[in-house]
Amino acid sequence: MPPPVSLSRSLETCSEEASSSPSVNVRAGATTRTQKTKTSSGNKKRGRVATLKTRPEVEQIFEGLSFFYIPDNDIAPVRRLRINRAKEFGAEWTRDMMTATHVIVEKKLVYKDVEKLWPKDGFGDRAPPKVVNEDYPLDCIQFRAIVDPGQKKYLLDGQVTTETKDKEVLLPTSGVVDSGPGTKSKASSLPLKPQHHNKRKWDYVPPRGTPSQGEESSLMKSLPKANARSKTPPKKDDELSEFISMMQEFKDLPLDVDEDDDAQSTSVGSQHQVDLDQGSGSENERPSKRRSSRRVRPTNKAITFKDRFACNRAGRKDAGQDNPNARTIEMLQKMNSYYERVNDHWRTLAYRKAIGTLKQQTVKITTEEEAYRLPSIGRRLAQKIEEIVTTDKLKRLEYAEEEPTNSALQTFLKIYGVGNKVAQQWIAQGWRTLDDIKQHVKLTPSQMVGVEHYDDLNTRIPRKEVTALGEVVKRAAAKMDPMVQLIIGGSYRRGAESSHDIDFIVTKPGTESVAHLKSFLNTLVAQLERDEFLVARLASSRAGSDGSKWHGCCVLPKIKGLNDDDEEYRPIWRRIDFLLVPEVELGAALIYFTGNDIFNRSMRLLASKKGMRLNQHGLYRDVLRGPDRVKVTEGELVERRDERRIFEILGVTWREPWERWC
DNA sequence: TGGCTGTACTG
DNA sequence: CAGTAC
DNA sequence: GCCA
DNA sequence: GTATG
DNA sequence: CATAC
């Protein structure tokens with residue numbers, strides 16, 4: 001594999017600006033097709049400027065800004081294109097730094113190079129221009145917003161940051177550059193989101209009238225979007241498109257690559273085409289900054305089989321507040337709940353996994369590439385993460401939340417017994433509020449309770465109260481059968497500070513089937529109902545079935561020292577569940593009822609990959625699954641009593657309940 | 001391109 | 001069984 | 001949405 | 001009606 | 001619940 005010498009040479013030709021960035025050209029050359037080899041004169045003038053488009057006013061994001069480029073010319077085709085792009089969006093190209101609002105520096109250069117050009121006398125009264133690398137304008141265009149120029153990703157080599165926060169800005173010598181007004185840009189960005197196949201699904205449909213929503217594959221990113229915009233029908237032959245595709249391919253590559261990159265690639269060295277240049281060993285782990293489609297997951301970060309399962313990665317609660325990615329997580333969670341609402345089951349799953357991954361990060365994830373290297377974060381999510389970090393918002397989410405039916409959906413789904421089908425149906429019938437529902441809809445008994453006690457049932461239960469409720473039940477139970485054990489599971493067992501409901505695992509030494517506990521539960525429930533502790537029954541075993549659970553509502557009685565201080569004690573309805581578990585199955589049941597659900601699914605998935613099966617009853621092996629993965633054989637029971645043994649057999653290192661937050 | 005945990009209860 | 005819940 |  | 005899906 | 005026994 002001889003290095004592409006010839007190519008690079010031809011490039012150099014076109015890069016008359018010598019000293020600077022031969023590399024750029026290399027690429028251009030390599031891409032041949034673009035301007036046939038002989039880029040020079042003829043083609044060059046072929047009115048690129050003439051093709052300058054004017055974009056709709058709303059897109060004039062750079063209005064009032066003037067960019068000073070370093071190097072100060074537009075000889076290199078790529079830079080010329082970039083300058084023109086900036087102009088399209090309202091920027092002025094200035095050749096005088098004194099009038100510039102931003103100094104756009106080629107990545108190959110370091111901060112010192114900028115200092116050389118920096119006016120010795122400063123800028124007088126006016127704020128000095130912001131110094132950023134060439135990614136800055138591109139990102140602004142991509143997000144259709146003036147993003148914070150102080151972000152790390154726009155720093156030059158050798159540039160020092162002033163603040164430790166996210167928004168640091170570097171100041172040139174005399175510098176007093178703050179991130180300036182509008183660091184939190186409010187500018188509108190365009191949606192970047194390919195709508196999906198998602199057959200037969202009521203997928204989200206962007207509100208009409210909003211700016212192009214469209215298709216835009218993740219690989220296409222910003223530029224193509226422009227052409228595809230509704231208003232201006234794309235012109236196939238537009239020569240700009242040629243550049244566009246070229247830009248897409250290279251815009252994220254450092255402009256220096258190639259043969260000379262060598263040495264300290266501390267810079268955003270890229271090793272694209274690593275395979276080409278022999279040994280040079282640039283195959284360091286540098287996350288290739290390219291955003292092209294080519295998937296190059298760094299191989300160095302080998303993820304072992306078992307590490308791919310969430311149940312094997314540590315996780316504790318809390319990962320929230322102080323987490324450096326809190327903002328990102330918050331936004332993704334909103335997207336997640338949106339997809340939950342529209343019943344996009346699998347996307348919801350993907351988001352939850354990604355959020356889990358993010359929660360475990362100890363450093364802030366800033367760029368797409370950085371995010372992409374993490375497990376369960378693919379291109380699409382990585383892009384969204386970068387968008388959030390860069391613009392502090394997510395366009396896709398804004399559209400989603402604008403959906404008029406969205407709020408009604410959100411309301412209805414929080415009613416016990418109402419899922420997506422029913423909620424959609426109600427909305428289709430025109431109902432939008434709880435009142436509408438109360439008046440016009442025939443509810444099932446469960447839904448009735450759900451509506452009547454809507455607020456109570458959607459209020460989280462403080463841990464302290466869960467404990468208190470637990471005591472009430474345990475006391476009653478002990479009175480009727482001291483041998484029975486009640487274990488509070490769910491998030492409480494994981495150590496949560498508040499829970500959505502209370503889960504009791506009801507078991508008793510010596511029991512081998514739920515039948516042995518059924519009568520006890522009936523008695524217990526009956527008693528607690530008389531005590532007016534249990535106030536509603538939502539679901540309980542059907543006659544014939546295994547009958548192992550009971551769902552209902554309860555209220556905490558007035559208790560000395562806990563809630564008797566207020567003259568007005570109002571009982572709050574709480575969701576309560578009982579699960580009958582024969583003692584022999586306690587381990588499996590504990591795993592199941594401790595969760596969280598991602599943890600459980602992960603454990604079960606791992607089990608199934610190992611030819612085993614895990615459910616609330618136990619761990620089985622040699623499960624035979626027929627042709628359509630239909631379970632043919634139950635499999636042989638391996639373990640069910642001992643929680644730890646189940647972990648062991650699955651090859652999962654033991655994790656305490658409070659370590660099962662995924 | 002197909003899978004994505006596995007089960008119990010309601011109506 | 002579809003829908004819902006866990 | 002992610003992944004094998 | 002009761003069982004089944 | 002809808003359908004079947």
Side-chain angles (χ1 to χ4, degrees), chain A residues 193-199 203 218 295 297 303 305 308-311 332 335-336 338-340 343-357 371-372 374-385 396 412-425 442-447 450 489-491 500-503 505 514 537-552 575-580 588-589 591-609 612-620 623 628-629 631 634:
Chain A
K193 165 159 209 192
Q195 208 42 62
H196 245 348
H197 36 70
N198 207 358
K199 48 255 177 175
D203 218 2
S218 46
R295 274 207 160 214
R297 257 249 208 209
I303 302 175
F305 176 72
R308 283 200 306 267
F309 295 86
C311 57
L332 292 183
M335 277 304 288
N336 180 61
Y338 165 73
Y339 282 126
E340 214 162 54
N343 224 22
D344 193 330
H345 200 53
W346 305 124
R347 241 185 210 94
T348 301
L349 177 62
Y351 270 78
R352 294 196 61 178
K353 285 182 173 174
I355 289 169
T357 295
Y372 184 59
L374 273 24
S376 297
I377 294 183
R379 274 297 161 203
R380 312 285 307 284
L381 271 165
Q383 284 170 205
K384 286 188 173 65
I385 288 171
R396 180 67 178 80
F412 296 161
L413 288 174
K414 286 190 292 187
I415 299 173
Y416 181 92
V418 175
N420 189 265
K421 292 297 182 190
V422 171
Q424 290 289 344
Q425 203 174 320
K442 186 195 170 200
L443 301 170
T444 67
S446 292
Q447 292 166 349
S491 55
H500 175 249
D501 61 9
I502 315 168
D503 297 312
I505 290 177
V514 293
R537 178 178 302 215
L538 296 171
S540 50
S541 311
R542 202 134 73 166
S545 65
D546 295 351
S548 55
K549 66 177 161 191
W550 192 96
H551 289 179
R575 281 278 295 101
I576 182 172
D577 296 342
F578 290 106
L579 173 76
L580 300 185
I591 290 176
Y592 174 48
F593 279 92
T594 297
N596 69 1
D597 67 336
I598 293 283
F599 180 82
N600 286 348
R601 296 164 76 160
S602 188
M603 289 277 280
R604 292 174 179 203
L605 183 59
L606 177 56
S608 87
K609 301 279 186 195
M612 296 189 275
R613 177 169 64 106
L614 176 66
N615 61 22
Q616 62 265 59
H617 301 299
L619 178 64
Y620 306 77
V623 179
D628 305 315
R629 37 194 113 53
K631 184 175 61 190
E634 291 295 298

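Model, not experiment: these values are computed from the prediction. Chain identifiers are assigned alphabetically (A, B, ...) following the order of the sequence lines, protein sequences preceding nucleic acid strands; residue numbering begins at 1 within each chain. Atom set for the values below is all heavy atoms of this structure, side chains included, hydrogens, waters and symmetry mates excluded.
Of all nucleotides listed (C:dA5, D:dG1, B:dG11), D:dG1 comes nearest to the side chain of A:Arg380. Proximity note for A:Arg347 (side chain, C-beta onward) versus C:dC6, B:dT5, D:dG1: the nearest is D:dG1. When distances run from any side-chain atom of A:Ser608 to the nucleotides B:dC4, D:dG1, B:dG6, the shortest one goes to B:dG6. Ranking B:dT5, C:dC6, C:dT4 by closeness to the A:Val422 side chain, first place goes to C:dT4. Of the candidates C:dG3, C:dC6, D:dG1, C:dG3 carries the atom nearest the A:Lys421 side chain, counting heavy atoms from C-beta on. When the nucleotides B:dG6, C:dC6, D:dC2 are ranked by their closest atom to the side chain of A:Tyr416, C:dC6 comes out on top. For A:Gln616, whose side chain is taken as the heavy atoms from C-beta onward, the closest listed nucleotide among D:dC2, B:dT7, B:dG11 is B:dT7. Comparing C:dA5, B:dC9, D:dC2 by their closest approach to the side chain of A:Ala539 singles out B:dC9. Of the candidates B:dG11, B:dT5, C:dC6, B:dG11 carries the atom nearest the A:Pro445 side chain, counting heavy atoms from C-beta on. In the set C:dA5, B:dT10, D:dG1, the nucleotide with an atom closest to the side chain of A:Ser540 is B:dT10.
Taking 4.0 angstrom as the limit, A:Tyr339 places a side-chain polar atom (N or O) nearer than this to OP1 or OP2 of D:dG1. OP1 or OP2 of B:dT5 has not a single side-chain nitrogen or oxygen of A:His617 nearer than 4.0 Å. Applying the 4.0 Å criterion to OP1 and OP2 of B:dC4, one finds that A:Arg352 has every side-chain N and O outside that range. Residue A:Arg601 has a polar side-chain atom (N or O) positioned under 4.0 Å from OP1 or OP2 of B:dT5. Between A:Lys549 and C:dA5 there is no side-chain N or O to OP1 or OP2 distance below 4.0 Å.
Here the straight-line distance linking atom CG of A:Leu614 with atom OH of A:Tyr620 works out to 9.5 Å at 0.5 Å rounding.
For A:Arg604, the salt bridge (Lys or Arg N to Asp or Glu O under 4.0 Å) test picks out no residue, with sequence neighbours left out. Checked against ring pair (Phe, Tyr, Trp, His ring centres under 6.0 Å), A:Tyr416 has no partners two or more places apart in sequence or in another chain.
Within the 4.0 angstrom heavy-atom criterion, no nucleotide atom of any strand lies near A:Leu413. A:Leu614 comes within 4.0 angstrom of sugar-phosphate atoms only, judged by non-hydrogen atoms across all strands, and of no base. Using a 4.0 Å heavy-atom cutoff across all strands shown, A:Arg537 reaches no nucleic acid atom at all.
Judged by ring centres under 5.5 Å apart and planes tilted less than 30 degrees, A:Trp346 fails to stack against the six-membered base ring of D:dC2.
Only the C1' atoms considered, E:dG5 is 10 Å distant from C:dA2, to the nearest whole Å.
Evaluation of atom-type donor-acceptor distances gives a pair under 3.5 Å for the side chain of A:Tyr592 against the base of B:dG6.
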